[in-house]
Amino acid sequence: MMETHFIPNSYSNNLENGQYSWQAPSNIALVKYWGKYGEQLPKNASVSFTLSNCNTKTTLSFEARTLEGFDFEVYLDGKREIGFEPKILKFFERVEVYLPFLKDYKFKIETSNSFPHSSGIASSASGMSALALCLMSIERSLRESEMTDEYFSQKASFLARLGSGSACRSIEGDLIVWGEHSAIDKSSNLFGTKYPLVVHENFKNYQDTILLVDKGEKQVSSTVGHDLMHNHPFAEERFRQAEENLSKLIPIFESGDLSAFIEIVESEALSLHAMMLTSLPYFVLMKPNTLEIINRIWAFRLKSGSKICFTLDAGANVHVLFPEGEKKLVSEFITQELAQFCKNGEFIEDQVGFGAKKI
Ligand code: PMV
């Protein structure tokens, strides 16, 4: 499939004004995307769990206008947020060819996150996917002919990707692949797709407790991090490793082998951070407490036989992953041993979810 698939022919309906609202979740990658080319295309395929409790709600109101240029305002929790506007402007410029109605309206984007703004949890995945879905609702109303649900979700994911790469994995659930992979039918660099193969029930309702180790602004943005993969001495090997790790996960998802799952997921997290440690300039996003938590998780696993493991995104927070059946055991461990390493003892209990919802 090509980008041109998402350029609409023409719109036949007229729409003076209106409003759409969507709630879209965050996601956590098991095989990580780090390094891109062209217009937000991934250098390797990735796979993620869609989350449930960590989400963004966005209402997009629109009103017809005749002026030149884009016209929009962004509100976070009811307050105008001028700081978000350059990112949205860039997004609108990128997607205009796919949404030719963008200059015909004045937009009001009202957004709020279920997690605290200062939690260090990136809102770009859930935020961009919620906005992309609202825009798709407008496009659906403008078209006279029926739009299939498949096209709606695919194009929403395609647009979200142009806002923030990993956002394309936040439209559906529960396990989403983004990036072409030879063993995964219909996988695409252009948008996320549902993992199409067998998944063992060990992975149903998998739990993710996010330990908030550092709630400040990241020292290095993921945009800069992705860029540093160009000319990175280990880049090609890393892309190969990710491809291979996704291949290895296929039989693991099928058999439910949690020990093998843990090995890949933790290795992926550490490999992602190894790329940061070995780029030029080099940088470290983990904090001393990140390492303390990792060591405690390993010690607990050894002692208890639990299938708890961790993963990291591009920051210091730790995602603690475990099967639903271990909820009581692991919750106690987190409260008694790990919470002390979180800022103000804070963590967020989440689990695998099934994608965005229209509200
Ligand atoms: O979507 P971006 O550009 O913020 O990059 C996200 C990268 C990681 O979260 C580190 C990995 C991933 O696959 O989500």
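Numbering of ligands and ligand atoms starts at 1, following listing order.
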| request: Return yes if a side-chain donor-acceptor contact under 3.5 Å exists between Asn27 and Ser170, otherwise no. | output: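 A donor-acceptor contact under 3.5 Å links the two side chains.
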| query | Are Tyr98 and Glu139 close enough that a side-chain donor and a side-chain acceptor fall under 3.5 Å? | reply |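 Tyr98 vs Glu139: no donor-acceptor pair found between side chains.
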Need the ligand 1 atom indices (1-based, order shown) with element for anything under 4.0 Å from a heavy-atom of [X].
| X | answer |
| --- | --- |
| Ala314 | 10 (C) |
| Leu272 | 10 (C) |
| Gly165 | 1 (O) |
| Ala29 | 12 (C), 13 (O), 14 (O) |

| field | Heteroatom distance test (Asp313, ligand 1): nitrogen or oxygen, under 3.5 angstrom | value |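 It does not: no N or O of Asp313 is found under 3.5 Å from an N or O of ligand 1.
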| N/O to N/O below 3.5 Å, does that happen between Tyr33 and ligand 1? |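 For ligand 1, there is an N or O atom that lies under 3.5 Å from one belonging to Tyr33.
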| field | Shortest heavy-atom approach to atom 12 (C) of ligand 1 - which of Arg169, His226, Lys32 | value |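 Minimum heavy-atom distance to atom 12 (C) of ligand 1 goes to Arg169.
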| said: Please state which option from Ala160, Gly315, Ser166, Ala167 has its nearest heavy atom closest to atom 1 (O) of ligand 1. | reply: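 Considering heavy atoms of Ala160, Gly315, Ser166, Ala167, the nearest to atom 1 (O) of ligand 1 sits in Ser166.
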| query | Any idea which heavy atoms bring Pro25 and Leu51 closest together, and the distance? | reply |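 Here Pro25 and Leu51 meet closest at CB-O, 3.2 Å.
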| message | Would you say Leu197 ends up clustered with Val31 if hydrophobic residues are merged whenever their side chains have heavy atoms under 4.5 Å apart, either directly or through other cluster members? | response |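 Yes; Leu197 is reachable from Val31 via cluster members.
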| query | Taking the six-membered ring for Trp, is the centroid-to-centroid distance between Phe72 and Tyr105 below 6.0 Å? | reply |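 No; Tyr105 has its ring centre 6.0 Å or more from that of Phe72.
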| message | Using ring centroids (six-membered ring only for Trp), state whether Phe239 and Tyr33 fall under 6.0 Å. | response |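 No, the ring of Tyr33 stays outside the 6.0 Å limit from the ring of Phe239, centre to centre.
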| request: Starting from atom 4 (O) of ligand 1, find the nearest protein heavy-atom neighbour and note its residue, name and distance. | output: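 Heavy-atom neighbour on the protein nearest atom 4 (O) of ligand 1: Ser222 OG, 2.9 Å.
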| message | Can you tell whether the side chains of Glu326 and Lys307 come within less than 4.0 Å, N to carboxylate O? | response |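 No, no charged N to carboxylate O under 4.0 Å.
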